[in-house]
Amino acid sequence: MTDTTTRRPPAVSEPAAGGENAGRKRWIRGGAVAAAVLLAGFAVPHLGLDSYYMGLVLSGVILALLSLSIGFLARRLGLISLGHTAFFGGSAYALGIAITHWGWSPMPAALFAFSAGTLLALLMGVLVVRASGMGFLMLTLALGQALYQFSTQAVARPYTGAYDGLQLQLGPDDTFLGMTSPQLMDAGLFWPVAWVALVVSAVALWAAGRSRFGTVLEGIRENEERMRFSGYNTFAPRLAAFVLSGAVASLGGVLFALNAAYVSPEVLSFVKAGDSLIATIVGGMGTLLGPVVGALLYTYAQARFNVSGNLPLYTGGALVLVLLFLPGGVLGGLEALRRRLPFLPAGKKDRT
Amino acid sequence: MDFAQLLNAVAFGSLLMILSSGLAMIYGLRGVTNFAHGALYMAGAYLAYSVTQHLSFWWALLIVPLALAVLGAVLELVFFRRLQGRSPIEVGLVTFGLAMVLERVIVLIWGERTLSVNAPAGLDGTTSLFGTHYPTYRLLVIGIALVMAVALVWWLRASRTGLHIRAASHDVETSSVMGIDVDRVSLVVVCLGAALAGLAGTLAAPYVSVDPGMGVGILINVLIVVVIGGVGSIGGAMVAGMALGLVQTMGSVLLPSYSVLVPYAALVAVLLWRPAGLAGKRLS
């Protein structure tokens, strides 16, 4: 990728100084950080968390895939999606339907579900990526909501179970990566799968953002018209980014369904889309890891505060306060704090 | 589709019309997509319930819009004015958060159960129209909505404030250079938009179920109406509101198993045909 910098047209500003060598160093450093994080994560089930907290961290990590995908679109293209639950929930349902109704074994079903979610992102992307700002938000909201409504209708009922949901029925010999159904539902055993998926997705999105493709996206975000006049096709990169982020959300949906062994219309709902968007914003949309932090915070808050049913009160309130007083989210706020306190170690964070 | 169904469609369309014109006005002037509009409507319905417990429905029709106007003033003075200059998306998301908070506060005050409000005495029967018996109360809803629509359009066209509102929704900066007090006009518009949501909530209370899900349910319809009508166009919102009411009712008669998809299909069809909506500026 390093030679692309020299061919970059003048319309796009070059984000990093230092030329090719610094570029290569950054990739190496990024890879090293990712590998270290990946290895460190494997220790989580051995930290002595009880099964309740282990389950909580695991669902946080699965939700983080959805938040990560929403955050990627927001950061790279300035597009806020309220319809990504279509891919998350859509792939979860696809998995359930393939396993329960068609009797597929889990591995092919998972591949099918992931592809189905991604294909759905392609179809929806064709309809929505031309719009921007509020138009994009509304279109994604409407299409996501349409899928939700459809899943609860009488025509879809034989497949989705409507409001009763869909129970995944795995035979005793059906395994996914060597795990049977009870093992998949065990948070400690399922953890490595979800963790690898999260780290790989984060690295893939980071790499996409850092590549020439990412620079084109940035150009489109800053001034779409200028990019078009500079001779770029702006539709294709937008669509590609949308599909990429849809694929990450689909991966989240597949893992969710495997682990929960149950899919209900809730995973498609506008409320879930809103919640994961809020998690993304509260965590910090401007950074790669912000959405992950937000998803973990959200999962914790959900477990901690939802006893009284007042979670929407707190999430809504947190959203308002963060937007009013801390526009960069929690991670953005920490970053600002670090800048104000010069004696803290300088962050090595790239802008991604 | 028989006559009673047509009247049902018009009654539902009337409610959408009132709600959508309020939302479109706030968008036109403040540039804010007010996701809290559904929650305001819900607040209107619950307040109407409480007022009718103590006074009559007619009092609710007066008091609730006034109370909601006060809430609108809070929205404008505390949030929208502070957030001027921020991106429309961020402000939209703030209203999203406010909607969640408001809905929850309503549930904390009135509880989770479904409430019912009686139609005012004398209007709870049926009227015979062209050989069909029809609930009198729904005719009242249609009547009030039509009167409101005509009054609103007339006020926007004929009064000085209306002129200022129309000017400011075209171009805020130029209007303020021309001597229009945009802050004052915005306050009027946001209060009025909230009051209209309260009016719609009050009118809806006797014939839909007043429950915690009503705000989100209607909000999506209203957003669809506003986008179909052309974001920011009040006239477009009114026409699209009535049209969506009709299309949706027609859908539930002709294609019962797919009827919930009708609004979304309508939205996608209109946007593919006219990306800016029926009467809108460029959607962005």
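Every chain is numbered from 1, with letters handed out A, B, ... down the list of sequences.
Proximity to chain B (any heavy atom under 4.5 Å) is shown, for A:Leu321, by neither the backbone nor the side chain. Only the side chain of A:Leu141 comes within less than 4.5 Å of a heavy atom in chain B; its backbone stays farther off. In this structure, chain A has a heavy atom under 4.5 Å from the side chain of B:Val216, while its backbone stays farther away. B:Leu98 touches chain A through backbone and side chain together, each having a heavy atom under 4.5 Å away. Within the 4.5 angstrom heavy-atom criterion, only side-chain atoms of A:Leu82, from C-beta onward, approach chain B. With a 4.5 angstrom heavy-atom cutoff, B:Leu108 touches chain A only via side-chain atoms. For A:Leu137, the part lying under 4.5 angstrom from a heavy atom of chain B is the side chain only. At a 4.5 Å heavy-atom cutoff, the contact between A:Ile281 and chain B is made by side-chain atoms alone. Only the side chain of B:Leu267 comes within less than 4.5 Å of a heavy atom of chain A; its backbone N, CA, C and O stay farther away. In this structure, chain B has a heavy atom under 4.5 Å from the side chain of A:Ile278, while its backbone stays farther away.
Here B:Ile89 is the residue among B:Ile89, B:Thr95, B:Leu102 with the most heavy-atom pairs under 4.5 Å with chain A. Here B:Arg86 is the residue among B:Glu112, B:Glu90, B:Arg82, B:Arg86 with the most heavy-atom pairs under 4.5 Å with chain A.
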Show your reasoning for whether side chain to side chain contact (heavy atoms under 4.5 Å, CB included) applies to B:Leu93 and A:Leu277. CA-CA 9 Å; B:Leu93 291 170; A:Leu277 178 61; 3.6 Å; yes
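Between the CD1 atom of B:Ile224 and the CD atom of A:Gln145 there is a distance of 8.0 Å, given to the nearest 0.5 Å.
Looking only at side-chain heavy atoms (C-beta outward), B:Phe96 and A:Val320 stay at 4.5 Å or farther from each other.
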